[in-house]
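We're numbering straight along the sequence, starting at 1.
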Amino acid sequence: MATDDLTTIQDLATPLVSSADLDPLVERARGARIVLIGEASHGTSEYYRWRAELTKRLLVEQSFDLVAVEGDWPDCFSINCWAKGAHPELDAEAALGAFRRWPTWMWANREVASFLGWLRERNADGANVGFYGLDVYSLWDSLRAVLDHVREHRPDALDAAREAVRCFEPYGEDPQRYARATRMVPTDCEEEVVDLLVDLQQAARTEPGGPEAELDAQQNAAVLAGAERYYRTMVRGDEQSWNVRDHHMADTLDRLLEHHGLTGRAVVWEHNTHIGDARATDMAAHGMVNVGQLARERHGDDEVFLVGFAGHRGSVIAGSSWGAPHRDVEVPPAPEGTHEDLLHRALGRDSLLLFGDDRTSTWLTERRGHRAIGVVYDPRRDRWGNWVPTVMGRRYDALIHLEETHALEPLDLAPPTGFERDTEPWAS
């Protein structure tokens, strides 16, 4: 380990103890239209709490308009409506029962509930900050939402909408089954859902219900197109399903910015693997892109600010396999030579690191392992299975390093009354 690496880290870092210690980061992000804030896992309390604290300051001090997260559109749109005054009988924890798809703990947790309670109070005081989902997984919920919208507002298009939905009907609510079937036959549902999307987009300006209802209708149709492509591509086992998903999330972000006007500004919450520029990792060699890279390419480096997270050791909520119940898991200390190891040795405390225009120092330009824990995690494989080779100075504009972290607190709640959707999307 080179001494100049430790010196560089120490020169870039300031202690992080309270919200006031975020002042330099808030100021540095002042000119950005999009601030993307990551997390090194989907189940760590401190990542969620510090991200929420930074977001609050951006909303209050710099008038950002929306928070867009790595969550499904229909569930998040229910929360968006709640945060803007709907369902006054529900508190934040009850409202988060709208999140039903595994892993529910990723958004239905006390840390998110605390932020959303604050957001609802701020909106009640005159703000109008939105909370939206960028992700592509909610094919069936979006099918239901589209059909409900067409039935209510566009009965003339009901037959066309049912035709699009019928394309998926033989597969029940199993998108993987649909994907496997379309892999073996040349027909699929893409033409039908894209036609439906075009129809809804053309009609949006004349439909009742206000701009939020129009946005919801368009986005649910876009999710159908994106999810259809994602699941069909997923079974090929290559990197293109990742690209379909991240292109969809970047497109959704652009649609949200357009919805909020020329001066619209967004805070984005996603995993480091989505918000940290993919060109600074080994993802690029595999032909993969991500939201952070696409945002920089579409909007320019001056309009985009990327904030990553790193943690040395602690605990996390994760499943042992896809769909398995969550449990608290120990996160072992970072292996020697990784970015997290150097941060621990150089600092030994929670810290904020801001990367300036000069990013030519060795630590900022060398490629080292950077921890990434998803919703499935086995600490026995940590040394070789959870590290992304990363050029830190190119991947982010700032980094929050935490010495010891703890598992977040999940909520195990049933969906609240009024948030349920029909169980048969093709029913009349």
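Looking at Thr390 and Arg395, their side chains do bring a donor and an acceptor atom within 3.5 Å of each other.
Under a 4.0 Å N-O distance rule, the pair Arg345/Asp341 qualifies as a salt bridge. A salt bridge links Glu297 with Arg279: the distance from a Lys NZ or Arg NE/NH1/NH2 to an Asp or Glu carboxylate oxygen falls below 4.0 Å. Salt-bridge formation is not detected for the pair Arg120/Asp125: no Lys NZ or Arg NE/NH1/NH2 atom is positioned less than 4.0 Å from an Asp or Glu carboxylate oxygen. Using a cutoff of 4.0 Å between basic side-chain nitrogens and carboxylate oxygens, Arg30 and Glu27 are scored as salt-bridged. Salt bridge status for Lys56 with Glu61: absent, with no side-chain N to carboxylate O gap under 4.0 Å. Ion pairing of Arg368 with Glu366 is present here, as a side-chain N (NZ or NE/NH1/NH2) and a carboxylate O approach within less than 4.0 Å. One finds a salt bridge joining Asp382 and Arg371 here, because a Lys/Arg side-chain nitrogen approaches an Asp/Glu carboxylate oxygen to under 4.0 Å.
Judged by distance alone, the side chain of Arg57 and the main-chain N or O of Ser19 form a donor-acceptor pair under 3.5 Å. With hydrogens and angles disregarded, no donor-acceptor distance shorter than 3.5 Å links the side chain of Asp72 to the backbone of Asp75. Put simply, the side chain of Ser78 gets close to the backbone of Pro74: a donor and an acceptor are under 3.5 Å apart. Remark: the backbone N or O of His271 is paired with a side-chain donor or acceptor of Glu70 at under 3.5 angstrom. At least one donor-acceptor pair closer than 3.5 Å links the side chain of Thr8 to the backbone N or O of Asp4. Listed for the Asn290 side chain is a donor-acceptor partner under 3.5 Å among the backbone atoms of Gly276. The backbone N or O of Gly43 sits less than 3.5 Å from a side-chain atom of Ser41, completing a donor-acceptor pair. Here the side chain of Asp21 pairs a donor or acceptor atom with the backbone of Ser18 at under 3.5 angstrom. When atom types are taken as modelled, the side chain of His286 and the backbone of Met288 share no donor-acceptor pair closer than 3.5 angstrom. A side-chain donor-acceptor contact under 3.5 Å links Asn386 to the backbone of Ala372.
Surrounding CZ of Arg298 are more than 12 heavy atoms belonging to other residues, nucleotides or ligands, all under 6.0 Å away.
Closest approach of His299 to Glu303, counting heavy atoms only: O-CG, 3.1 Å. What you find for Leu66 and Val129 is that their closest heavy atoms are CA-CG1, 4.0 Å. Nearest heavy atoms, Leu294 versus Ala250: CD1-CB, 3.7 Å. Leu256 and Ala68 get closest at one heavy-atom pair: CD1-CB, 4.1 Å.
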Could you give me the CA-CA distance, side-chain angles and deciding distance for Val67 and Tyr132, then say whether side chain to side chain contact (heavy atoms under 4.5 Å, CB included) is met? CA-CA 6 Å; Val67 179; Tyr132 305 101; over 6 Å; no
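With sequence neighbours left out, the side-chain hydrogen bond (donor to acceptor under 3.5 Å, both in side chains) criterion links Glu111 to Ser45. Shown here are the side-chain hydrogen bond (donor to acceptor under 3.5 Å, both in side chains) partners of Trp105, two or more places apart in sequence or in another chain: there are none.
Results of the ring-ring contact (aromatic ring centres under 6.0 Å, His included) test with Trp269 over Trp50, Tyr47, Phe115 single out Phe115 as the only residue that passes.
Both the sub-6.0 Å distance and the 45° axial angle are not jointly satisfied by Arg359 relative to the ring of Phe355.
Taking the six-membered ring wherever Trp is involved, the centroid distance between the rings of His260 and Phe64 does not fall below 6.0 Å.
Ring-plane geometry between Trp242 and His274 is classed as parallel, the angle between the planes falling under 30 degrees on a 0 to 90 degree scale with a further cut at 60. Ring orientation note: the planes of Phe99 and Trp107 are tilted relative to one another, at an angle of 30° to 60°.
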